[in-house]
Amino acid sequence: MRKSLVTLLAAAACATSVAHADGTPITVDFTYDSTLLATEAGAKTVLASIIEQAADACTVEKVFTGVEILDRTCRDEMVEQAIEKISIAATEEGKEVSYVFASLD
């Protein structure tokens with residue numbers, strides 16, 4: 001199952017994908033306000049948003065029980081990929097990446 005999540009924060013977008021446990025790739029278009037990365041508080045807000053978006057994308061509902069299950073490995077891989085892409089984009093733009101993200105590399 002392929003999910004795409006776009007929130008209204010928009011300013012910059014970061015697409016990542018991972019293979020889900022059943023082998024189906026999941027792609028998420030992470031959105032965030034890149035101006036928030038200039039401050040520690042803003043970077044923490046962006047990180048929380050990325051984690052939430054990844055968790056939403058990596059949560060599946062079991063057909064028979066209706067119970068939602070979070071694939072933590074999927075979530076963690078998506079967050080890692082998103083942070084890497086955000087860091088690369090900021091570096092290419094000559095911006096300093098907040099230590100909140102730098103400490104996660």
Side-chain angles (χ1 to χ4, degrees):
M1 182 164 110
R2 199 172 172 152
K3 291 185 179 182
S4 179
L5 177 65
V6 180
T7 65
L8 299 175
L9 287 174
C14 174
T16 62
S17 64
V18 296
H20 198 283
D22 65 1
T24 305
I26 297 175
T27 300
V28 178
D29 292 324
F30 290 100
T31 58
Y32 62 96
D33 184 346
S34 63
T35 60
L36 291 175
L37 297 176
T39 66
E40 176 185 350
K44 286 181 179 179
T45 300
V46 170
L47 179 59
S49 174
I50 289 170
I51 292 170
E52 182 179 333
Q53 292 176 65
D56 287 346
C58 294
T59 298
V60 294
E61 185 176 328
K62 296 296 181 182
V63 177
F64 296 110
T65 63
V67 175
E68 291 186 342
I69 305 292
L70 170 62
D71 182 341
R72 288 181 174 84
T73 302
C74 169
R75 179 203 56 203
D76 294 346
E77 288 176 2
M78 284 202 161
V79 169
E80 184 178 314
Q81 289 176 16
I83 290 171
E84 182 179 330
K85 289 183 180 188
I86 290 169
S87 297
I88 290 169
T91 302
E92 288 174 350
E93 293 174 6
K95 296 178 182 175
E96 187 174 325
V97 179
S98 170
Y99 81 88
V100 173
F101 286 116
S103 67
L104 297 172
D105 288 339

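Note that the structure is a prediction, hence the values are computed from the model and not measured. Computation of the quantities below employed the complete heavy-atom set of this structure, encompassing side-chain atoms and omitting hydrogens, waters and symmetry-equivalent molecules.
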Rounded to the nearest 0.5 Å, what's the gap from [atom1] on [X] to [atom2] on [Y]? Could you check?
{"X": "Lys44", "Y": "Leu36", "atom1": "NZ", "atom2": "CG", "answer": "14.0 Å"}
{"X": "Phe30", "Y": "Ile83", "atom1": "CZ", "atom2": "CD1", "answer": "9.0 Å"}
{"X": "Thr45", "Y": "Leu37", "atom1": "OG1", "atom2": "CG", "answer": "10.0 Å"}
{"X": "Asp76", "Y": "Met78", "atom1": "CG", "atom2": "CE", "answer": "11.5 Å"}
{"X": "Gln81", "Y": "Ile86", "atom1": "CD", "atom2": "CD1", "answer": "12.0 Å"}

* Give the C-alpha distance, both sets of side-chain angles, the deciding distance and a yes or no for side-chain hydrogen bond (donor to acceptor under 3.5 Å, both in side chains) between Gln53 and Ser49. => CA-CA 6 Å; Gln53 292 176 65; Ser49 174; 2.8 Å; yes

* **Nearest non-hydrogen partners of Thr59 and Leu70, listed with the distance** =>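 Smallest interatomic distance, heavy atoms only, reads OG1-CD1, 3.6 Å.
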
* To do: Check step by step if side-chain contact (heavy atoms from CB on, under 4.5 Å) holds for Ile26 and Asp71.
  => CA-CA 12 Å; Ile26 297 175; Asp71 182 341; over 6 Å; no

